[in-house]
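Have a look at the structure below, then the notes.
Since the model is a prediction, treat every value here as computed from it, not as a measurement. Per chain, numbering begins at 1; letters A, B, ... match sequence-line order. Values below: all heavy atoms of this structure, side chains included; hydrogens, waters and symmetry mates excluded.
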Protein chains: 2
Amino acid sequence: MEAMGEPKSQERYEDELRSAGMRITRPRKTILKILAEGEGHPDAMTIFHRASEIDASVSLSTVYRTMKVLEDRGAIQRHVFEGGPSRFEPAGGRHHDHLIDTETGEVIEFRSDKIEALQEEIARSRGYEIVSHRLELYVRKIRGRKR
Amino acid sequence: MEAMGEPKSQERYEDELRSAGMRITRPRKTILKILAEGEGHPDAMTIFHRASEIDASVSLSTVYRTMKVLEDRGAIQRHVFEGGPSRFEPAGGRHHDHLIDTETGEVIEFRSDKIEALQEEIARSRGYEIVSHRLELYVRKIRGRKR
DNA sequence: TTTCTTATTGCAAATGATTTGCACTTGCAT
DNA sequence: ATGCAAGTGCAAATCATTTGCAATAAGAAA
């Protein structure tokens with residue numbers, strides 16, 4: 001049922017870089033491994049920390065540089081939620097939007113064709129075509145019986 | 001027909017500050033005048049420049065401090081569009097979302113009750129309640145006959 | 001496998017937007 | 001008019017991210 005931010009294997013990421021003529025270096029391997037683990041929507045610092053546990057020599061700059069390269073190649077997507085640092089997720093799945101739990105920071109993906117259609121309609125009616133869009137719902141868990 | 005980001009008079013802004021026990025200083029008066037002119041969705045630097053023409057002594061820090069105060073008092077709203085600096089607009093009108101012309105940076109407001117309802121539904125179905133949300137359509141003007 | 005070219009790296013310093021510490025002003029209640 | 005806390009300008013600090021540079025290491029070629 002999971003199918004939007006579908007994680008990719010480390011090999012898949014490596015191929016994406018290799019086929020773009022990029023070198024597969026030690027630090028990159030480490031970073032890709034972290035991404036392949038697919039733990040949520042990590043920010044650069046989180047990736048850096050996880051990577052450091054595997055190889056203490058990878059630098060934060062390299063994390064940033066690698067993320068940029070992956071983003072440019074379309075291998076990952078960057079999201080900037082309210083007031084926070086950029087967070088990344090594997091790209092390639094279908095487009096989707098996000099629910100951000102304001103208490104935990106957890107990100108939940110969702111998509112609504114109805115909303116997509118309405119957006120399209122709104123832009124068109126104003127004489128515009130959509131280049132990209134973002135819809136973010138900042139939410140709080142409903143406690144109580146609420147089924 | 002304009003009714004969402006309805007501009008406010010300088011007096012209105014001053015009252016909002018005064019009733020919050022804040023002093024109406026010279027720099028604040030200048031900044032509020034700029035906001036009252038309601039030219040689009042300016043960022044701090046733009047406000048600073050416009051204010052400087054009226055009173056060259058107002059500082060950028062004061063612009064930032066004033067915007068923060070106004071935001072905390074709920075007198076204005078801050079928006080951070082893709083990769084840009086914060087931009088401000090008078091608050092108080094009905095909630096609305098934005099279309100951002102990717103070529104000119106112009107911001108157009110809109111609202112869709114249908115979309116609002118769908119968002120509500122999506123959050124609820126996941127066991128959450130919406131705290132706030134943002135929907136931004138990055139668009140490009142459709143040229144040609146397209147009526 | 002050794003060589004060699006150049007992409008990549010780590011580090012430190014630079015950026016850009018925004019915030020803050022501090023000593024000096026200035027609203028404005030008395 | 002006065003007094004003092006709120007507000008200000010300025011410079012320095014923050015935060016996330018980028019970049020210059022000299023050193024290092026992929027991986028194509030020999």
Of the options dT8(C), dT19(C), dA16(D), whose atoms approach the side-chain atoms of T25(A) most closely? dT8(C)
Considering only side-chain heavy atoms of T62(A), which listed nucleotide, dT18(C), dG10(C), dC10(D), is closest? dG10(C)
Please check the phosphate of [N] (OP1 and OP2 only) for any side-chain N or O of [X] closer than 4.0 Å.
| X | N | value |
| --- | --- | --- |
| R28(A) | dA7(C) | no |
| Y64(B) | dT19(C) | no |
| S61(B) | dT18(C) | no |
| K68(B) | dT18(C) | no |

Does any donor-acceptor pair link the side chain of R65(B) with the base of dG21(C) at a separation under 3.5 Å? yes
At less than 3.5 Å, do the side-chain atoms of R23(B) and the base atoms of dA5(D) form a donor-acceptor pair? yes
Is M45(A) touching bases, backbone alone, or none of the nucleic acid, heavy atoms closer than 4.0 Å? nothing
Starting at [atom1] of [X] and ending at [atom2] of [N], how long is that distance when rounded to a whole Å?
| X | N | atom1 | atom2 | answer |
| --- | --- | --- | --- | --- |
| E82(A) | dA16(D) | CD | P | 16 Å |
| F48(B) | dT8(D) | CZ | P | 14 Å |
| R18(B) | dA6(D) | CZ | P | 18 Å |
| L60(A) | dT17(D) | CG | C1' | 8 Å |
| M67(B) | dG7(D) | CE | P | 16 Å |
| H79(A) | dT17(D) | NE2 | P | 14 Å |
| I31(A) | dG10(C) | CD1 | P | 8 Å |
| I24(A) | dA25(D) | CD1 | P | 17 Å |

Is there a donor-acceptor pair closer than 3.5 Å between any side-chain N or O of T62(A) and the backbone N or O of V58(A)? no
For K29(B) and P85(B), take the nucleotide of DNA chain C holding the closest heavy atom to each; which residue's nucleotide lies nearer the 5' end? P85(B)
Does one side chain, of E89(B) or H96(B), offer a donor that lies under 3.5 Å from an acceptor on the other? yes
With heavy-atom distances below 4.5 Å as the criterion, would you say the side chains of S125(A) and F110(B) are in contact? no
Can you tell whether the side chains of E103(A) and R140(A) come within less than 4.0 Å, N to carboxylate O? yes
Taking every non-hydrogen atom, the tightest pair across T30(B) and D55(B): OG1-CB, 4.1 Å
